[in-house]
Structure formats: structure tokens, C-alpha cells
Protein chains: 2
Amino acid sequence: MNTNKNYIFRETRQRKRMMEILSSTKSHPTADWVYSQLKEDFPSLSLSTVYRNLRILKKQKRILELPFGHTFDRYDGNPAPHPHFACQKCKRVFDIDISGLENIFQNATRETNFKLEGFNLNLYGLCNDCKNDHASS
Amino acid sequence: MNTNKNYIFRETRQRKRMMEILSSTKSHPTADWVYSQLKEDFPSLSLSTVYRNLRILKKQKRILELPFGHTFDRYDGNPAPHPHFACQKCKRVFDIDISGLENIFQNATRETNFKLEGFNLNLYGLCNDCKNDHASS
DNA sequence: ATAGGTGCAAATGTTTTGCTGTCAA
DNA sequence: TTGACAGCAAAACATTTGCACCTAT
């Protein structure tokens, strides 16, 4: 991918459909899942096309990449940084709302003198569905 | 690695030295860096031994794994969860202190009903040294 | 027409696994 | 003595790259 600022992105059929898929789900899909979805419309689709476009959409700030290092990156149709909760049992990832987070960050940056450009905050544990379910595992 | 709870860990020379290395640095090293350090004492050391022991030390809760998905996992000799700041320029990772974070998490778990077991919070931006340095890059 | 994009195959970089011999308890 | 562990090589896994052809603009 070109890193030139004046690079002109094209809206190919694949990329257009891909953005639709990403926007229409809250499931924080993996690259592989996006691939399998997109493959339905483009049978000859290549995985590298998916990765290439994920990077481009991220660069365009149309999507957000969530680094969950333990497994692999996941992507979010919503480009605004926000905290997530990952259930360790069912593996789902939820958007959560933590009020007052901005103030806390402001305090932190004031104390450290760092220039804060973003964050990623991932909580983990057991979700509502799983925390009372002692049946499996 | 055995997942049996009654698994008896041995304190091999390699693992002992590795824990010393991890405890005595604040640099949030990569697996590869640990390998290169440990290799000085064990010339025939294998990378898989490092990974195996990182996983074991993590399982023993003697170290903490920091998932920085964009690059690769990093490890910390301090097992208590705490926020980090990653400088996008010099690539260093700092421990930071954000007061009031616990309260915020308590609010979040009360609202969501999730069972919170941990978190990882990584801020990123420019550190003190880099934010005023427009010379390079 | 041109330059960005696609599909394919091969490469990359990190982490894991199978196996055989070894050493800590 | 015995079973957890070391070292080695190969595999696994997500992701990236080189290249020739294709297509959006």
C-alpha cells in the first residue's frame, strides 16, 4: 500500500461490500470471518485482498482495529476508540460504556506530560450469559 | 504444556535465570529479547524454550503478558495488571499510573453486570522525549 | 490511458508442537 | 527413578509481499 498522502483510494466492488459487512455487524469480526462473508459475493476472493482492504479502511479511519494479542486482531465498523469487554468463555467481544474515562485520561496525561493520541482498553472476564453457567468447561 | 492443575513445575536453571532477567528490567521485553539475553548464559538455548517458559511463568502468575497486537506480545516482570503507555515514535513502553481507575471499573461492572477478571489498558501517543522532537521521521 | 486493485502463490514473523534425549526432584 | 523440561526441526497461524493481469476513474 502506498503511504503517500495524495494517494487516491478507489471504491472497488469488493471494498464497498466489505465496508457494508463491517458496518452492519456488532460482532467484532476477524479478518477470516470477513473473508468468508465477502467470499459469498466474490467466489474468487483472496484473503490478501481482505487484509489489504482492512488496512486501507483503517487508514481511512472508516474502521477500527482492536489488538487482542492473545489470539489475533479483530476489527470494528465503528472508528471511534471505545472500551471493549472480552468474555473468556464464549469469546464474544462487547462494546462497553465507561463514563468518566476521558477525565481520567486527562489527569493521566497532565501528570505524565505525554501527548495522548489514543488508547485501547480491553476488559475481560465473564459476560452476563456465561458467569452463572457452570455447565460447560 | 500440561494443563492439569496438579502439574508440578520444576525450577530449571534456564527458567530461574529467565525470571531473574524479567524481574530486573522495566523495558517490557519481547520474547526475542529475552531469548538473546538468556542465550548468553545458555549458548545452546532454543527459542521454543523461551516461549514455553514465558507461558509457564504467565500461568504461574509470575509475569504478565501485554498484548500489543500491532506488533507482538511483550512481557512484564510485574504480574499486577496496570496501564501502559506506548510511544509511537521511540517504541518504548512505559508503566503509567492512572488514579481512580478502579472506581471507574467498578462503575462499569455494576452497570454491565459482567464479572470483571482483569483488563489491559494501553495508551499511545508521544512520550516526553519525543513529543517536542521534530528532527527525525 | 493510467494508476490503484485483484487473485494467486510464496514469503514473513511470531508462536507452537512432536520428538528424543536429559536433568531436577 | 520418573516425568517435567531442553533443544532441534518442522508445523502452525495470521499477515504481508511480489507479480501479472484487471478495472475504476
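Hydrogens, waters and symmetry mates are skipped; everything else that's a heavy atom, side chains included, is used.
No N or O donor and acceptor, one from the side chain of A:R52 and one from the base of C:dG4, sit under 3.5 Å apart.
For the pair A:K39 NZ and C:dG7 P, the computed distance is 8 Å after rounding to whole Å. B:L57 places its CG atom 11 Å from the P atom of D:dC5, with the value rounded to the nearest Å. A:D32 places its CG atom 11 Å from the P atom of D:dC13, with the value rounded to the nearest Å. One atom, CG of A:L54, and another, C1' of C:dG5, lie 15 Å apart when rounded to the nearest Å. Rounded to whole Å, atom C1' of D:dT1 lies 14 Å from atom CD1 of B:I8. Computed from coordinates, the A:Y35 OH to C:dT6 C1' distance equals 13 Å when rounded to whole Å. One atom, CG of A:L38, and another, P of C:dG7, lie 8 Å apart when rounded to the nearest Å. Regarding A:F42, its CZ atom lies at a distance of 18 Å from the C1' atom of C:dC8, rounded to whole Å.
In this structure, OG1 on A:T112 lies 7.5 Å from CG on B:N128, to the nearest 0.5 angstrom. Rounded to the nearest 0.5 Å, atoms CG (B:N53) and CE (B:M19) are 11.5 Å apart. The distance from atom CG of A:L57 to atom CZ of A:R52, rounded to the nearest 0.5 Å, is 13.0 Å. Taking OG of B:S36 as the start and CD1 of B:I21 as the end, the distance is 8.5 Å to the nearest 0.5 Å. Atom CD1 of B:I104 is separated from atom OG of A:S99 by 6.5 Å, given to the nearest 0.5 angstrom.
Summary for the helix from C:dA1-D:dT25 to C:dA25-D:dT1: the axes at its two ends, each from 5 pairs, differ by 40° when rounded to the nearest 10 degrees.
For the pair B:R55 and C:dT15, the criterion of a side-chain N or O lying under 4.0 Å from OP1 or OP2 is not met. Of the side-chain N and O atoms in A:S48, none sit less than 4.0 angstrom from OP1 or OP2 of C:dG7. Checking the phosphate oxygens (OP1, OP2) of C:dG7, a side-chain nitrogen or oxygen of A:T49 falls inside 4.0 Å. Checking the phosphate oxygens (OP1, OP2) of C:dC23, no side-chain nitrogen or oxygen of B:Q14 falls inside 4.0 Å. Considering only side-chain N and O atoms, A:Y51 lies under 4.0 angstrom from the phosphate OP1 or OP2 of D:dT15.
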| task | Mind running ring-ring contact (aromatic ring centres under 6.0 Å, His included) on A:F94 and B:F114 for me, showing each step along the way? | result | CA-CA 11 Å; A:F94 303 86; B:F114 292 158; 5.2 Å; yes
| Would B:Y51 and B:I56 satisfy side-chain contact (heavy atoms from CB on, under 4.5 Å), going step by step from the backbone distance to the final call? | CA-CA 9 Å; B:Y51 278 109; B:I56 289 172; over 6 Å; no
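Among the nucleotides C:dC8, D:dT15, D:dC5, the one closest to any side-chain atom of B:I56 is D:dC5.
The pair B:R62-B:E11 meets the salt-bridge criterion, with a side-chain N (NZ, NE, NH1 or NH2) lying under 4.0 Å from an Asp/Glu carboxylate O.
Counting non-hydrogen atoms under 4.0 angstrom, A:L47 reaches a base of the nucleic acid. Within 4.0 Å of B:N53, counting heavy atoms only, lie sugar-phosphate atoms of the nucleic acid but no base atom.
Aromatic pair A:F105/A:F119: ring centres closer than 6.0 Å.
Every residue two or more places apart in sequence or in another chain was checked for a salt bridge (charged side-chain N to carboxylate O under 4.0 Å, His left out) with B:R15, and none qualifies.
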| query | Could you write nucleotides 20-25 of chain D as a row of B, S and -, 5' to 3', where a protein heavy atom under 4.0 Å of any base atom gives B, of only sugar-phosphate atoms gives S, and otherwise -? | reply | ---BBS
